[in-house]
Amino acid sequence: GRLGGGGEGGGGGEGGVADEATWSAESLLVLSGEAFQLQPQLLPRGAQLAALAACGVEAEGVAGASGEQADAAIEAAVLEADAAHQQQLAAWLAPGADGGSVEPLPPQAQRALASVGVSPPVRWALWKRLLQVESMVPLAAEAAKVRMLLATPLRGVADLVADVHTAVEAAFGPCVVGDGDGFPAEAASALEEEGVAVLQLLLKSLSLSYSPELGLAPFLAPLLLLVAHGAGSAALEAGGGSVTREALRGQRSDLFNCVCACLGRLSPALMAGKPWGMPVTATVQGQVHVPAQPPNQALLLWLWVLLRYLQPALALHLQAAEPPLSVRLGRALTSLLGTHTDAAAHLRLIELCLFSIPAEVAFPRAHTPVLLVCLLARGKESLLAMPPDSLLPAFTQLRLSTPREAQLLHEEACAAHASLPHGLAAAVADAWAADQPMPPPYSVAWLQGDELDPSLHTPGRLRRWVVDLRPEAEHKRGCFALTRHLPPAEAKRPEVREAVRAELREICDDGGVAPALLTSGDPRTDKGTPGLGAQLVREIVDEFLADGFANLGVLQGGFHALSLEQRSAMLVSDDVAPDFSSPGQTDRLAGAKAAAERAKAEAAKAGEKLTRVFSFGRKPARSKAAGEGGTP
């Protein structure tokens with residue numbers, strides 16, 4: 001029971017909370033049930049019905065009803081959904097003949113975790129079951145190894161103790177009292193000792209020194225709320241009215257394994273012992289691996305690319321901050337936004353990230369960086385109004401105060417995440433996991449060939465309007481159906497580039513459409529950008545970003561990187577037929593032309609001006625009105 005106790009800040013022993021300390025079970029019940037149940041009054045009507053449908057409940061009598069009648073029907077359906085969900089969770093958690101359920105949580109109950117929530121009395125038990133804590137090796141089974149680890153020194157232990165104390169005060173502060181009603185201050189101190197012991201054991205097992213940049217203290221503190229509530233609920237269920245210090249210490253093994261399971265899913269680089277990214281290889285006197293230093297530079301580089309993709313104006317503004325935001329952004333990521341959330345909101349956010357990532361999010365490991373970008377987007381208006389020297393304090397003031405705010409942020413991030421280009425999401429996930437060396441990113445997101453194919457357009461995915469920067473001869477041999485040709489000779493003229501951006505702004509502002517830049521080959525090389533040069537392509541990219549074009553991408557490898565099949569499926573040509581050597585390829589070309597004609601018809605619906613300005617094959621002739629305000 002004392003494994004992990006004692007030692008420097010380890011809890012127990014001299015200076016710690018006395019072993020005979022006891023608190024009433026009710027005083028440890030700090031989580032509000034209302035904060036985690038479905039609150040229909042905070043949702044739009046469509047979202048209300050969708051949330052109930054996820055729970056398998058249909059709100060009868062809503063269609064055609066007045067406002068008050070519809071609200072009453074929704075309220076009744078919410079009560080039904082909540083009761084059914086909690087009953088299903090209780091049945092799943094009930095111990096069976098073998099000691100517990102081994103079946104996965106039913107899909108309907110899994111969906112309801114996000115839409116309805118979890119009743120506080122069963123939350124700690126549910127977390128342990130879903131994270132498979134019960135199947136992990138308890139600390140008592142590895143007593144010798146644990147004692148050996150605890151006997152080794154830990155660099156930064158004083159900072160660890162201080163940071164855990166600060167984080168616990170912030171988490172428990174609103175409900176801690178010295179005497180009378182409220183959470184007992186001595187119980188908070190006991191949980192603080194448990195937190196220090198668990199983090200010491202974790203860091204020593206990973207051979208890491210403690211640093212505040214790890215974000216572990218603000219991440220851990222909300223979990224201590226969960227442990228406290230779980231201990232109080234368990235005592236009441238067992239018919240007891242109090243919780244002892246020894247009972248809290250008995251949670252240490254489950255808490256340690258729970259922390260490891262959470263971080264394994266949400267912070268894989270840390271659990272791999274590489275929180276700051278891959279080690280740097282030095283070649284002086286042979287190859288030497290030098291540990292990377294905080295913050296994780298590779299991750300931050302990709303974070304800026306992600307921010308430029310989703311919020312370009314905000315990204316450019318924040319990159320001018322003095323002092324730079326890198327360290328604070330890094331700490332926000334490693335703490336899983338714990339530096340910007342109140343305890344109950346953070347607990348709900350972790351819960352959603354662990355158990356409620358929708359299937360359309362292809363790279364769940366990249367979700368935390370997307371959450372941070374969405375948090376920045378929420379404060380966009382105030383941040384853009386700040387001068388560079390005031391951005392750091394303004395960033396630190398961004399907060400999620402309630403579980404409902406955390407839920408809304410999670411939903412925003414899931415929608416944004418599902419719309420990301422495959423390559424960008426994969427790169428952010430790889431940088432977050434630090435499981436392979438990361439190449440330096442381009443200034444914007446890479447796009448793959450199939451992401452330009454209008455025939456593969458699906459709801460939630462953007463349609464791409466291609467800005468073709470290839471020479472005239474290459475463009476005439478074949479181009480994408482939705483194309484604005486900007487040949488090198490014209491691309492060198494700033495006024496022409498500005499006019500093209502103005503044209504694209506009109507169509508992109510309507511939503512659902514974003515620009516994609518196309519070069520002949522690799523846009524990073526002069527060879528791949530004939531007539532332009534890689535530097536001018538970067539300037540064109542920067543101009544689009546400065547004009548606030550969100551979701552801007554560049555085809556990775558350029559036109560030459562497209563496969564023969566991709567070219568046959570997506571390209572159209574006015575007067576030059578591609579050379580295909582098989583009937584199957586000819587059939588695909590015929591299908592591609594039919595898709596192009598459908599794309600033309602869709603574009604025509606957007607208005608006469610769009611069909612005049614944008615080409616679908618060859619470059620249009622110069623407008624006769626170019627000298628009178630027309631567009632060349």
Side-chain angles (χ1 to χ4, degrees), residues 1-6 10-12 17 19 23 25 28-31 89 92-95 98-102 105 118-143 145-147 149-150 164 167-168 171-172 187-188 190-206 216-217 219-238 240 243-267 271 336 343 346-347 350-351 354-355:
R2 284 190 173 277
L3 285 176
V17 176
D19 289 340
W23 310 280
L28 302 186
L29 305 183
V30 292
L31 300 177
L89 287 182
W92 186 72
L93 287 169
D98 57 353
S101 172
V102 295
L105 188 65
V118 183
S119 177
V122 301
R123 239 172 145 198
W124 179 227
L126 181 70
W127 275 49
K128 290 190 291 184
R129 179 69 60 82
L130 289 173
L131 294 171
Q132 300 181 334
V133 168
E134 295 163 341
S135 65
M136 297 180 184
V137 179
L139 294 181
E142 296 189 338
K145 180 179 178 180
V146 170
R147 291 193 178 96
L149 286 172
L150 291 173
V164 171
V168 169
F172 288 81
L191 289 165
E192 182 181 321
E193 293 171 5
E194 293 305 307
V196 170
V198 163
L199 292 186
Q200 282 199 71
L201 185 57
L202 173 68
L203 292 168
K204 291 177 180 181
S205 66
L206 296 173
L216 286 171
F219 163 76
L220 177 70
L223 299 186
L224 297 176
L225 283 173
L226 197 60
V227 170
H229 200 106
S233 298
L236 291 175
E237 186 178 357
V243 176
T244 64
R245 173 68 182 91
E246 194 65 25
L248 288 184
R249 187 180 289 117
Q251 298 286 331
R252 184 175 299 180
S253 181
D254 283 351
L255 176 60
F256 174 79
N257 284 328
C258 180
V259 167
C260 291
C262 290
L263 292 175
R265 295 190 187 188
L266 303 179
S267 189
M271 294 305 292
L336 306 177
H346 193 205
L347 196 60
I350 295 173
E351 191 168 66
L354 286 171
F355 311 129

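All values below come from the heavy atoms of this structure, side chains included, with hydrogens, waters and symmetry mates left out.
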Assess the residue pair Leu130 and Leu354 against the criterion (side-chain contact (heavy atoms from CB on, under 4.5 Å)); give the C-alpha distance rounded to whole Å, side-chain angles, the decisive distance to 0.1 Å, and a yes or no.
CA-CA 9 Å; Leu130 289 173; Leu354 286 171; over 6 Å; no

Leu149 and Gln200: CA distance, side-chain angles, deciding distance, side-chain contact (heavy atoms from CB on, under 4.5 Å) verdict: CA-CA 9 Å; Leu149 286 172; Gln200 282 199 71; over 6 Å; no

* **Steps toward side-chain contact (heavy atoms from CB on, under 4.5 Å) verdict (Leu216, Leu263)** => CA-CA 10 Å; Leu216 286 171; Leu263 292 175; 3.9 Å; yes

*What's the verdict on side-chain contact (heavy atoms from CB on, under 4.5 Å) for Leu131 and Arg265, showing C-alpha distance, side-chain angles and the deciding distance?*
CA-CA 10 Å; Leu131 294 171; Arg265 295 190 187 188; 3.9 Å; yes

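The pair Lys128-Glu134 does not meet the salt-bridge criterion, since no charged nitrogen lies less than 4.0 angstrom from a carboxylate oxygen. Using a cutoff of 4.0 Å between basic side-chain nitrogens and carboxylate oxygens, Glu194 and Arg245 are scored as salt-bridged.
Taken to the nearest 0.5 Å, the CG atom of Leu201 stands 9.0 Å off from the NZ atom of Lys145. Between the CG atom in Leu89 and the CG atom in Leu105 there is a gap of 6.0 Å [rounded to 0.5 Å]. Note that CG of Leu223 is 7.0 Å distant from CH2 of Trp124, once rounded to the nearest 0.5 Å. One distance of note links CZ of Phe219 with SG of Cys262; it measures 4.5 Å at 0.5 Å rounding. Residue Leu220 holds its CG atom at 10.5 Å from CD of Glu192, rounded to the nearest 0.5 Å. Rounded to the nearest 0.5 Å, atoms CD (Gln251) and CG (Leu191) are 9.5 Å apart.
When every heavy atom of Pro222 is checked against every heavy atom of Ala343, the shortest pair comes out as CB-O, 3.7 Å. In this structure, Leu202 and Cys260 approach most closely via the heavy-atom pair CD1-SG, 3.9 Å. The two residues Ala25 and Gly232 have their closest heavy-atom pair at CB-O, 3.6 Å. The two residues Cys258 and Trp127 make their nearest non-hydrogen contact at SG-CE3, 4.1 Å. The two residues Leu93 and Ala125 come nearest to each other via the heavy atoms CD2-O, 3.9 Å. Shortest non-hydrogen contact noted between His346 and Leu336 is NE2-O, 3.0 Å.
Looking at Leu248 and Trp23, their side chains come closer than 4.5 Å, going by heavy atoms from C-beta outward.
The main-chain N or O of Val137 is found under 3.5 Å from a side-chain atom of Asn257 such that the two form a donor-acceptor pair. Panel note: side chain Arg123, backbone His229; no donor-acceptor pair is recorded below 3.5 Å.
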